[in-house]
Q: 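Dumping the structure here so I can ask a few things about it.
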Amino acid sequence: MEIIRSLIITFAMYSRIPVPRVEWNADNMKYSIAFFPLVGVPIALLLFLWHFICGYADKAVTDMAEALVGLCIPVAISGGIHLDGFIDTSDALSSHQDKDRKLEILKDAHTGAFAIISFFSYCALFLAAYLIVLKSRTEFGILALGFILSRILSGMGVVFFKCAKKDGLLHTFADSTELSRTRFILAMEFLLCEAAMIHLNPIGAFSALFLNAVFILYYYKMTAKEFGGITGDTCGWFSSNSELLTAIGAAIATIISKGIFK
């Protein structure tokens with residue numbers, strides 16, 4: 001029952017999907033981080049379904065319309081929790097203040113100009129990658145799987161990296177986690193996700209993996225320097241950027257497959 005309760009807590013926290021109520025305690029949260037990548041599964045499935053519907057409708061839905069709706073699907077499922085972290089972290093990083101002040105900015109309800117600029121730049125880049133990837137079904141699959149991969153890597157950050165604060169929801173999740181089993185489950189999820197990506201398109205899979213590998217190293221060093229560790233907001237910032245990088249990796253594969261560089 002602990003496993004089922006952990007799964008319910010994960011979806012209650014990180015999605016808008018209705019789930020039964022359970023008590024949030026250490027026992028029930030043991031495997032919540034291990035189940036975090038599963039939140040990406042309905043996102044990927046809905047993206048595939050929407051892509052199929054648009055393909056079946058042929059010219060009735062333009063590429064731009066498909067991409068715009070596609071970008072809204074992850075937000076609808078997750079409730080925008082990761083984009084909220086992306087905006088807050090972008091705000092803190094652009095402040096160029098000390099660690100304590102940056103941590104205060106993460107909790108500030110106000111949004112600065114640079115955070116807005118970062119958000120619209122992010123959306124523009126994701127939209128561009130999405131439109132490119134629409135030209136290939138296999139690379140689109142990699143983009144969709146990126147919503148699972150980002151949560152696997154973010155979960156790994158929680159169980160391997162230091163938390164910036166000794167309180168807060170992220171620390172509660174990290175402190176309640178059964179580390180050894182969670183790390184093993186996340187590793188298995190990573191291997192399965194990468195195998196699926198490689199099966200779809202090896203170039204896209206390795207492009208996405210390379211970009212994410214470089215980024216997670218940067219994330220580790222950046223959070224340690226700027227915040228003294230990771231927080232819930234930086235995890236959202238990481239997940240959002242990871243999804244964008246996977247989309248860019250898929251777009252690179254699409255461009256190569258179309259022979260532009262030949």
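All values derive from a computational prediction rather than experimental measurement.
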Q: So, N28 side chain and W24 main chain: donor-acceptor pair closer than 3.5 Å or not?
A: no

Q: Give the table of side-chain donor-acceptor pairs shorter than 3.5 Å for residues 7-17, with sequence neighbours excluded, one pair per line with atom names and distance.
A:
residue : atom : partner : partner atom : Å
T10     : OG1  : S6      : O            : 2.9
T10     : OG1  : S32     : O            : 2.8
S15     : OG   : F11     : O            : 2.6
S15     : OG   : I17     : N            : 3.2

Q: Evaluate whether atom CZ of F184 has more than 12 neighbouring non-hydrogen atoms of other residues, nucleotides or ligands under 6.0 angstrom away.
A: no

Q: Is any side-chain heavy atom of L200 closer than 4.5 Å to one of E139?
A: no

Q: Of all heavy-atom pairs between G249 and L211, which one has the smallest distance, and what is that distance?
A: N-CD1, 3.9 Å

Q: Given I216 and F238, is the side chain to side chain contact (heavy atoms under 4.5 Å, CB included) satisfied, shown in steps?
A: CA-CA 8 Å; I216 200 168; F238 173 85; 3.9 Å; yes

Q: Kindly indicate whether the side chain of I43, heavy atoms from C-beta on, has any atom under 4.5 Å from the side chain of L47.
A: yes

Q: Would you mind listing every ring pair (Phe, Tyr, Trp, His ring centres under 6.0 Å) that reaches into residues 187-213, with sequence neighbours excluded?
A: none

Q: For V61 and V69, what are the C-alpha separation, side-chain angles and deciding distance, and is it a side chain to side chain contact (heavy atoms under 4.5 Å, CB included)?
A: CA-CA 11 Å; V61 181; V69 173; over 6 Å; no

Q: Is there a side-chain contact between N212 and T246 (heavy atoms, below 4.5 Å)?
A: yes

Q: Quick one: do V133 and F52 end up in the same hydrophobic cluster if we chain Ile, Leu, Val, Met, Phe, Trp and Tyr together by side-chain heavy atoms under 4.5 Å apart?
A: no

Q: Mark yes when over 12 heavy atoms from residues, nucleotides or ligands other than I3 sit less than 6.0 Å from its CD1; otherwise mark no.
A: no

Q: Does any part of the side chain of L93, heavy atoms only, come nearer than 4.5 Å to the side chain of M222, both counted from C-beta?
A: yes

Q: Output side-chain donor-acceptor pairs under 3.5 Å for residues 115-131, partner residues at least two apart or in another chain, one line each.
A:
residue : atom : partner : partner atom : Å
S118    : OG   : F114    : O            : 2.9
S121    : OG   : I117    : O            : 2.8
Y122    : OH   : S240    : O            : 2.8

Q: Can a donor-acceptor pair be found, under 3.5 Å and without considering hydrogens, that links the side chain of R151 to the backbone of V39?
A: no

Q: Aromatic rings F215 and W237: how do their planes relate, parallel, tilted or perpendicular, breaks at 30° and 60°?
A: tilted

Q: Indicate the atoms forming the closest heavy-atom contact of K102 with S95, along with that distance.
A: CG-OG, 4.0 Å

Q: Can you list every pair that meets salt bridge (charged side-chain N to carboxylate O under 4.0 Å, His left out) and has a residue in residues 195-219, with sequence neighbours left out?
A: none

Q: Mind listing the closest non-hydrogen atom pair of I132 and I255 along with its distance?
A: CG2-CG1, 4.1 Å

Q: Can you confirm whether M188 is buried at CE, in the sense that more than 12 heavy atoms of other residues, nucleotides or ligands lie under 6.0 Å from that atom?
A: yes

Q: With the side chain counted from C-beta on, respond yes when C235 and L170 share a heavy-atom pair under 4.5 Å apart, and no when they do not.
A: yes

Q: Taking the side chain as C-beta and beyond, is there a heavy-atom pair between F227 and K99 under 4.5 Å?
A: no

Q: Find out if a path of hydrophobic residues (ILVMFWY) with successive side-chain heavy-atom gaps under 4.5 Å connects M156 to I185.
A: no

Q: Can you name the closest pair of heavy atoms from L106 and A92 and give their distance?
A: CD2-CB, 3.9 Å

Q: Run the side chain to side chain contact (heavy atoms under 4.5 Å, CB included) test on K30 and T177 for me, step by step, so that the C-alpha distance in whole Å, both residues' side-chain angles and the decisive distance to 0.1 Å come before the verdict.
A: CA-CA 4 Å; K30 279 184 180 179; T177 297; over 6 Å; no

Q: Can you tell if the side chain of T254 reaches within under 4.5 Å of the side chain of N201, non-hydrogen atoms only?
A: no

Q: Which atom pairs, donor and acceptor, lie under 3.5 Å between side-chain atoms of residues 141-150 and protein residues at least two apart or in another chain?
A:
residue : atom : partner : partner atom : Å
S150    : OG   : G146    : O            : 3.4
S150    : OG   : E243    : OE2          : 2.9

Q: Is a side-chain donor or acceptor of T223 paired with a backbone partner of Y220 at a separation under 3.5 angstrom?
A: yes

Q: For the pair Y56 and I53, evaluate side chain to side chain contact (heavy atoms under 4.5 Å, CB included) and give the outcome as yes or no after the intermediate values.
A: CA-CA 5 Å; Y56 185 78; I53 291 171; 5.7 Å; no

Q: Please name the pair of heavy atoms, one in V159 and one in R183, separated by the smallest distance, quoted to 0.1 Å.
A: O-NH2, 2.6 Å

Q: Please give me the minimum heavy-atom distance between I230 and V158, naming the atom from each residue.
A: CD1-CA, 3.8 Å

Q: Check whether any side-chain N or O of D91 sits under 3.5 Å from a backbone N or O of G112 as a donor-acceptor pair, and report yes or no.
A: yes

Q: Taking side chain to side chain donor-acceptor pair (under 3.5 Å) as the definition, give me every residue that meets it alongside T89, ordered by chain and number, with sequence neighbours left out.
A: none

Q: Any non-hydrogen side-chain atom of R101 less than 4.5 Å from a side-chain atom of I105?
A: yes

